[in-house]
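Since the model is a prediction, treat every value here as computed from it, not as a measurement.
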Amino acid sequence: MTVGSVRGIMIQFIAELSTENQIFYSVLLFSWTVYLWEAYLAQRQRKTYRDTTLVPEELGKIMDSETFEKSRLYQLDKSTFGFWSGLYSETEGTLILLLGGIPFLWSVSGHIIGRFGLGPEYEITQSLAFLLLATLFSAVTGLPWSIYNTFIIEEKHGFNQQTLGFFFKDALKKFAVTQCILLPVTSLLLYIIKIGGDYFFIFAWLFTLIVSLVLVTIYADYIAPLFDKFTPLPDGELRENIEEMAKSISFPLTKVYVVEGSKRSSHSNAYFYGFFKNKRIVLFDTLLENHSPLNKGTADENVEIQTAAGDGSETEITETKLRPKNKKQGCSNQEVLAVLGHELGHWKLGHTVKNIIISQVNSFFCFFLFAVLMDRKELFSAFGFYDTQPTLIGLMIIFQFIFSPYNEVLSFSLTVLSRRFEFQADAFAKDLGKATDLYSALIKLNKDNLGFPVADWLYSMWHYSHPPLLERLRALKDKKED
């Protein structure tokens, strides 16, 4: 298929939506259709949270009833919050479109640069003013939701470690850093589109590729330390074992860091970054049982543990055992190694490279279609731009609105692919002899993060980029039995 034929198909598609109103209301209709679909899925999952009050039989030896109930209530609160915040977001977006918020903000940005003696010919400058105002508006309207989520929901369930002062300082810092990156990159992208000629989409794609690679390279060394403290993992058994495992699979490890995630949240994580022969591993302190500050001050005491019978009957089994007064968080050294075995499996199996390739193919395709559609006046008119066609607005209209159906299909496809990659990474860790440790690590991480192990099948299929816990445990158990 030639470029000309693709252009003809896209122009015919736009032409069939013969009026600006048809384009505009088609966008709104699709947006609300997606929202209602998401709301339906979320309602199915909330019903699962409400109805599943006893630990399922197959989880009887994995999760105690107290943790199960805590995770159920936590996820129920999160789901309810997600419903209201999602409804607000969709309503806000619709009102912005219906009331002409985008052309209004563009006009305001024009008045702002006009105060400095700059006219409409300074489109890139006006675009940056527009972008700054738009992100500021988004940050302000989203702030109450973020505060509620952090200091009500996360606080209620024991995850929040922030003070209000730290929260606002962090938010301001994030906004400033985002603008320092977003505004220069956007200005250069718009300039490339302006001067790139008929094949500007190739240069625009190459520019975004370079920017993404640079950001990935410098993020953990220069950007992330602005928000969190990174320290080298101390010498010892864990560090030696990590280096040995990396060497055994030819992973070019150069540094291992521990990030102080506990000052913000008690959720845990681990990741690696870097290109070519310069790879680093980052471990959250909350992941490490022997390093997490949240484990300080625990004391052993005899406690009674009551576990609901797995068959759903009223019978309970009571046993006395020794455990910390405050349950220790994180994983043992061997479990951390198993988690890293999974993460390194993504690298060894080429998942990282495959995701980059998919992302860049998609980016090139989108820029190409943007080049095909960017001169269609009816697209701009549909959103209130009758006398001008700013490039930034064109990018927003086409990438955010016109491409919405395509983006939904792509998102679902990537979710399916991600689950496949997760199973493969688990299998890789198993082949390293980490099946038993990964099995227990997944259970601990699920408990620490109050993940709910029961999911509605349709909700899970659409949303879960990682397989449900039970599916991963079954796969690991099968391998252990082999």
Side-chain angles (χ1 to χ4, degrees), residues 216-217 219-221 224-225 228-262 267-295 328-356 421-449 466 472-473 475-482:
V216 168
T217 302
Y219 173 78
D221 287 332
D228 296 301
K229 182 180 179 181
F230 287 71
T231 56
L233 179 67
D235 292 333
E237 180 183 1
L238 178 59
R239 185 183 181 92
E240 292 175 1
N241 289 337
I242 291 175
E243 291 172 346
E244 289 175 4
M245 183 170 65
K247 186 177 180 180
S248 71
I249 62 173
S250 302
F251 181 78
L253 177 65
T254 56
K255 296 179 181 178
V256 183
Y257 291 113
V258 177
V259 60
E260 191 182 9
S262 57
H267 290 295
S268 53
N269 199 3
Y271 62 91
F272 69 87
Y273 69 99
F275 287 102
F276 306 114
K277 301 297 182 180
N278 190 24
K279 306 286 189 184
R280 283 94 152 184
I281 288 175
V282 177
L283 306 171
F284 279 53
D285 58 357
T286 49
L287 176 67
L288 308 175
E289 186 178 81
N290 296 330
H291 288 74
S292 176
L294 303 179
N295 288 335
K328 273 195 173 185
Q329 182 183 36
C331 298
S332 67
N333 286 355
Q334 290 304 311
E335 290 165 342
V336 171
L337 287 173
V339 171
L340 287 180
H342 168 94
E343 295 300 328
L344 296 182
H346 285 305
W347 170 80
K348 189 68 174 180
L349 297 171
H351 297 164
T352 305
V353 173
K354 290 174 185 176
N355 282 328
I356 291 174
F421 284 171
E422 292 301 319
F423 277 125
Q424 291 175 353
D426 280 352
F428 182 85
K430 291 186 294 187
D431 291 338
L432 292 177
K434 307 293 184 183
T436 300
D437 292 320
L438 183 56
Y439 189 96
S440 59
L442 289 175
I443 294 171
K444 281 189 177 181
L445 292 175
N446 185 80
K447 290 180 178 179
D448 287 347
N449 293 291
H466 286 57
R472 297 180 71 179
L473 294 182
L476 286 168
K477 187 177 181 180
D478 290 342
K479 181 66 178 180
K480 289 194 296 180
E481 290 176 348
D482 291 343

Carefully, step by step, assess Val339 and Asp437 under the rule side-chain contact (heavy atoms from CB on, under 4.5 Å).
CA-CA 8 Å; Val339 171; Asp437 292 320; over 6 Å; no

Before you tell me yes or no, could you show the steps for His342 and Lys434 under side-chain contact (heavy atoms from CB on, under 4.5 Å), namely the whole-Å CA-CA distance, both residues' side-chain angles and the distance that decides it to 0.1 Å?
CA-CA 9 Å; His342 168 94; Lys434 307 293 184 183; over 6 Å; no

Test side-chain contact (heavy atoms from CB on, under 4.5 Å) on Leu344 and Leu432; report intermediate values, then the result.
CA-CA 11 Å; Leu344 296 182; Leu432 292 177; over 6 Å; no

Evaluate Leu287 against Leu445 for side-chain contact (heavy atoms from CB on, under 4.5 Å), listing each step before the verdict.
CA-CA 8 Å; Leu287 176 67; Leu445 292 175; 3.6 Å; yes

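Here the side chain of Lys430 pairs a donor or acceptor atom with the backbone of Ala475 at under 3.5 angstrom. Within the 3.5 Å criterion, the main-chain N or O of Glu260 finds no donor-acceptor partner in the side chain of Asp285.
Nearest approach of Leu349 to Lys354, heavy atoms of both residues: O-NZ, 3.7 Å. The shortest non-hydrogen separation linking Phe230 to Asp228 is CD1-O, 3.4 Å. Closest heavy-atom contact between Leu473 and Tyr439: O-CE1, 3.4 Å. When all heavy atoms of Ala429 and Ala338 are compared, the pair lying nearest together is CB-O, 4.1 Å. The heavy-atom pair separating Leu283 from Ala270 by the smallest distance is CD2-CB, 3.9 Å. Residues Ser250 and Lys348 approach most closely at CB-NZ, 4.4 Å, considering heavy atoms.
Atom CD of Glu335 is separated from atom OG1 of Thr436 by 10.5 Å, given to the nearest 0.5 angstrom. Note that CG of Leu340 is 11.0 Å distant from CG of Leu438, once rounded to the nearest 0.5 Å. Rounding to the nearest 0.5 Å places CG of Leu238 at 5.5 Å from CG of Leu337. Here CD of Glu244 is found 12.0 Å from CG of Leu253. Values are rounded to the nearest 0.5 Å. We find the CG-CD distance between Asn333 and Glu237 to be 5.5 Å, quoted to the nearest 0.5 Å.
Between Ile281 and Leu233 the shortest side-chain heavy-atom distance does not fall below 4.5 Å. Side chains of Ile356 and Val216 form no contact here, defined as non-hydrogen atoms less than 4.5 Å apart.
Tyr219 OH: 12 or fewer foreign heavy atoms inside a 6.0 Å radius.
Every residue meeting the ring-ring contact (aromatic ring centres under 6.0 Å, His included) condition with His351, not counting sequence neighbours, appears here in chain and number order: His346, Phe421. Applying the ring-ring contact (aromatic ring centres under 6.0 Å, His included) rule to Phe251 yields the partners Phe272, Trp347; only residues at least two apart in sequence or on another chain are considered.
Using a 4.0 Å cut-off between a side-chain N of Lys or Arg and a carboxylate O of Asp or Glu, Lys247 and Glu243 do not qualify as a salt bridge.
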